[in-house]
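One structure is given here, and the rest of the page talks about it.
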Number of protein chains: 2
Amino acid sequence: MKKSTIKDVAREANVSIATVSRILNNTGKGYSDKTKQHVMQTIEQMGYFPNAIARSLINNESGTIGVLFPAVSGMVSAEMLHGIEAAAQVYGKSVFVCNTLSDPDKTKHYLQLLYEKQVEGVIFASGRLTRNFQKIVKQMNVPFVTLSGISDLKNIPEIKVDDLKATYDATNYLIKHGHTKLAMVSGPPHDLIAGTPRMEGFKQALTDANLPCKSSQISWSSAFYFEDGKHAFRSIMKSHPEVTAIVAASDEMAAGVISEANAQGIRVPEDVSVIGYDNTKLATMTVPSLTTVSQEFDVMGYRASELLCQCIMGEDTDSIIMEHKIIERESVKKTKARGVV
Amino acid sequence: MKKSTIKDVAREANVSIATVSRILNNTGKGYSDKTKQHVMQTIEQMGYFPNAIARSLINNESGTIGVLFPAVSGMVSAEMLHGIEAAAQVYGKSVFVCNTLSDPDKTKHYLQLLYEKQVEGVIFASGRLTRNFQKIVKQMNVPFVTLSGISDLKNIPEIKVDDLKATYDATNYLIKHGHTKLAMVSGPPHDLIAGTPRMEGFKQALTDANLPCKSSQISWSSAFYFEDGKHAFRSIMKSHPEVTAIVAASDEMAAGVISEANAQGIRVPEDVSVIGYDNTKLATMTVPSLTTVSQEFDVMGYRASELLCQCIMGEDTDSIIMEHKIIERESVKKTKARGVV
DNA sequence: CCTTATAGAGTAAACGTTTACTTCATTTTA
DNA sequence: TAAAATGAAGTAAACGTTTACTCTATAAGG
């Protein structure tokens, strides 16, 4: 049973296709109330739905946007995507998801695909938009937005939190609670998104507080996972057993720290305090629950999507630095009063 | 700068659009090697990319599939989506994501949207495809697949694990490890996907082992989250303090159980053993780490997507019951030998 | 050397819409 | 009452492709 088209409707209702089209688009002109009713009725009973592809072709508007993620598995991407989709819906856009696996070839391939599919804009999430992609991005000639990532290209709005500042604040939070022997478990230092800036924030906070700040106070791993946190904390404890507070570059790492501390008979927060980063659901599930820096990923996704849609409509827009805040739970202990928050 | 079309390429290369088209589609006929090279070169230098929308229109193949989730946030959906996208890519399809928020109106709206966008198939994930949707599904006339959900409609292949059997096995695992006083923390009993069958599996295992099985041994909540697990365990401990083992309907709930146990000074697994469900990443992060029933969501997503693409190509296919297995970690204690696994 | 295959390349219709332009009947205006 | 204005409705071109069909020149066959 072939799908019915506007032609079928027109024939069935004894009007021209132009009339049907005008009625469907509610132009308000070009038909009488009577014919409108009649046509609507035939449409209803035929179960006709317009073909969005044909529409796109002539209107030159696909009504779609593309989202590139390194990988959609993982809480962070999931929440972002949720927000992205929600905002897109509001603006009447559909969302194509793409998993680049951080592979430049795959990324380029997806960009081409999105180009061919005539997407009206692209959200580039959690990755680095390098010069490599400049050519295709330029060719596509549609708005791009980076979400929690970085762009080597000019004039691409960004939605992100200020990682440096957030980590600075996290570190400072520990200091304000009386801690003076701090260490950090971090991701890879060459990760310009979540590595470098967070490490930098940690160092600056220490320096500004006139506390010692040696590079050995930072133990980094190749990623931000649970196991990475465990290992990093283990090595910190070897080299700096005097430490009383840890800033972790992700909640997962913080959970790893807690788990390892547990294994070593170190109590959290009595012996060592831990502050996390991300405020994922996980932060509520650890024992003790995690004090952490909140990044509202769903909101970030929403804002990114919103921003993109506004760009698409030709409004001019600007980058958004999301606010962060510290969510206080149970993993940080006040050591001695010292200008408490 | 307008996008260049096949016409522009044709003009530039001094050939007809038909020739360009044939070359692009690699038909192998209708052009000489020389012209092919020449045309490819002009294409390259013009930065031309074919318009997939125009192609779709004439070929009547959109190259897209749609995925409906109650919400893409959350580990489970995220992993599924990852698998879905991966398989779709292999089959050359792009993926539209939709968040229904379990709202029937929204769901219907999305189905219509997907219909208009001419998707070639739909994956209905983690939800119930009710009679409500029968009409539109029929009209769409494209393959549907349910993923970890249920369908009231006939002839819709399903990809799921046998929840009843999996919970039966989980319960049995505890029994085999010498536990005789069991309880369950469950989701809502009217949830036909993850509620009813899991409770049923628990009961059957007890019955088959000739153990007492009163409904008070199951404490259920309205959802499957951490807090739900906490509360449920609390109420179990009130009514059945003798219990030595808990089967939880999700890892999050199990984490809640562990957390609550901790708060009450009950040791896991020494005093009470816990088995989870899902084998999410969370299962490795609890202290102690969770023994749990593995559902490989990414694989499930992949298989669902694969199945759908096969349906699209007209192959006939059948539902897939995924295997489950029990991942042994630290949250279950062997009480006394009794025909151990 | 003439007929017939063959292969390169072009023409134009089709896909399902939208929309500028036209036609025609009815109403308004002077 | 004739001219002008209005509004309903139709005609056909356009969007960027694919493809069946056609045309022409060259190669093959007798």
Side-chain angles (χ1 to χ4, degrees), chain A residues 2-40 42-43 46-64 113 115-120 139-141, chain B residues 2-40 42-43 46-64 113 115-120 139-141:
Chain A
K2 259 187 110 279
K3 280 177 185 165
S4 38
T5 73
I6 202 173
K7 269 185 199 153
D8 302 324
V9 176
R11 181 166 3 90
E12 198 70 12
N14 262 308
V15 294
S16 73
I17 57 170
T19 303
V20 178
S21 174
R22 282 186 289 248
I23 291 172
L24 278 169
N25 291 297
N26 242 308
T27 59
K29 292 219 150 174
Y31 51 87
S32 67
D33 273 4
K34 208 184 69 190
T35 32
K36 173 166 180 178
Q37 257 194 308
H38 174 224
V39 169
M40 288 306 254
T42 22
I43 284 178
M46 293 179 68
Y48 164 81
F49 283 94
N51 181 327
I53 292 199
R55 277 187 168 171
S56 298
L57 184 58
I58 194 148
N59 291 334
N60 202 23
E61 284 179 6
S62 63
T64 55
L113 194 72
Y115 186 17
E116 297 189 358
K117 297 249 183 216
Q118 315 292 120
V119 295
E120 300 175 15
Q139 277 180 356
M140 289 180 73
N141 197 31
Chain B
K2 258 187 112 274
K3 278 176 188 166
S4 39
T5 72
I6 202 173
K7 269 185 200 153
D8 302 325
V9 175
R11 183 165 4 89
E12 198 70 13
N14 262 308
V15 294
S16 74
I17 57 170
T19 302
V20 178
S21 175
R22 281 186 289 248
I23 290 173
L24 278 168
N25 291 298
N26 242 308
T27 58
K29 292 219 151 179
Y31 51 86
S32 67
D33 274 4
K34 208 183 71 190
T35 31
K36 173 166 181 178
Q37 257 195 309
H38 175 224
V39 169
M40 288 305 255
T42 20
I43 285 178
M46 293 179 70
Y48 164 82
F49 282 95
N51 182 327
I53 292 198
R55 277 187 168 172
S56 298
L57 184 58
I58 194 149
N59 291 334
N60 203 23
E61 283 179 6
S62 63
T64 56
L113 193 72
Y115 187 15
E116 297 189 357
K117 297 250 183 213
Q118 315 291 119
V119 295
E120 299 175 15
Q139 278 179 356
M140 288 179 74
N141 196 31

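Side-chain atoms are counted along with the backbone in the values below, which use heavy atoms only and exclude waters and symmetry mates. Throughout, protein chains are lettered first and strands after them, A, B, ... in sequence-line order, and every chain is numbered starting at 1.
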Study note, to complete from the structure: Hits for side chain to side chain donor-acceptor pair (under 3.5 Å) against B/T35, two or more places apart or cross-chain, chain-then-number order -> B/S32
Check your understanding: B/E116 CD to C/dG16 P: how many Å, rounded?
Key -> 15 Å
Exercise for review: Tell me which residues in residues 4-13 of chain A put a heavy atom below 4.0 Å from DNA chain D, sorted by number, or none.
Suggested key: none
Using residues 50-60 of chain A as the side-chain source, report each donor-acceptor pair under 3.5 Å to any protein atom, sequence neighbours left out, with the distance given to one decimal.
residue : atom : partner : partner atom : Å
A/N51   : OD1  : A/I53   : N            : 2.7
A/N51   : OD1  : A/A54   : N            : 3.1
A/S56   : OG   : A/A52   : O            : 2.8
A/S56   : OG   : A/E61   : O            : 3.3
A/N59   : ND2  : A/R55   : O            : 3.4

What does the list of N/O pairs under 3.5 Å between the protein and nucleotides 6-12 of chain D look like, with a distance for each?
residue : atom : partner : partner atom : Å
D/dA9   : OP2  : A/S32   : N            : 2.8
D/dA9   : OP2  : A/S32   : OG           : 3.4
D/dA9   : OP2  : A/T35   : OG1          : 2.6
D/dG10  : OP2  : A/S16   : N            : 2.6
D/dG10  : OP2  : A/S16   : OG           : 3.0
D/dG10  : OP2  : A/T19   : OG1          : 2.9
D/dG10  : N7   : A/R22   : NH2          : 3.0
D/dG10  : O6   : A/R22   : NH1          : 2.9

Review point. Do B/Y48 and B/I6 touch side chain to side chain, with heavy atoms closer than 4.5 Å?
Key: yes
Practice item. Indicate whether OP1 or OP2 belonging to C/dT18 is found under 4.0 Å from a side-chain N or O atom of A/S21. Key: yes
Revision key, fill the gap. Contacts of A/F49 meeting ring pair (Phe, Tyr, Trp, His ring centres under 6.0 Å) (sequence neighbours excluded), chain-then-number -> B/Y115
Point to revise | Listed partners of A/Q118 passing side chain to side chain donor-acceptor pair (under 3.5 Å), at least two apart | key: none
Review point. Less than 4.5 Å apart, any side-chain heavy atom of B/I43 and any of B/L24?
Key: yes
Review point. B/V39 and B/A13: which non-hydrogen atoms are nearest, and at how many Å?
Key: CG2-CB, 4.2 Å
Review point. What is the bend of the helix from C/dC1-D/dG30 to C/dA30-D/dT1 when you compare the axis at one end with the axis at the other, using five pairs each and rounding to 10°?
Key: 50°
**Study point:** Heavy-atom side-chain proximity of A/I23 to A/M40 below 4.5 angstrom
**Key:** yes
Practice item. Starting at atom CD1 of B/I23, determine the distance to atom C1' of D/dT19, rounded to an integer number of angstrom. Key: 15 Å
Review point. With sequence neighbours excluded, what pairs up with B/Q37 under the side chain to side chain contact (heavy atoms under 4.5 Å, CB included) test?
Key: none
Listing time: all N or O pairs from protein to nucleotides 24-26 of chain C that are below 3.5 Å?
none

Study note, to complete from the structure: Separation of C/dT17 atom P from A/I43 atom CD1, nearest Å, is 10 Å
Practice item. First locate atom NZ of A/K117, then atom OG of B/S62, and finally report the distance between them rounded to the nearest 0.5 Å. Key: 6.5 Å
Practice item. Identify, with sequence neighbours excluded, every residue that meets salt bridge (charged side-chain N to carboxylate O under 4.0 Å, His left out) alongside B/E116. Key: none
Review point. Listed in order of residue number, which residues of residues 50-63 of chain B have a non-hydrogen atom at under 4.0 Å from DNA chain D?
Key: B/P50, B/N51, B/A54, B/R55, B/I58, B/N59
Check your understanding: So which pairs with a foot in residues 14-26 of chain A pass side chain to side chain donor-acceptor pair (under 3.5 Å), sequence neighbours left out?
Key -> A/S16-A/T19, A/S21-A/N25, A/N26-A/K36
Practice item. Show your working on side-chain contact (heavy atoms from CB on, under 4.5 Å) between B/M46 and B/D8 and close with a plain yes or no. Key: CA-CA 9 Å; B/M46 293 179 70; B/D8 302 325; 3.7 Å; yes
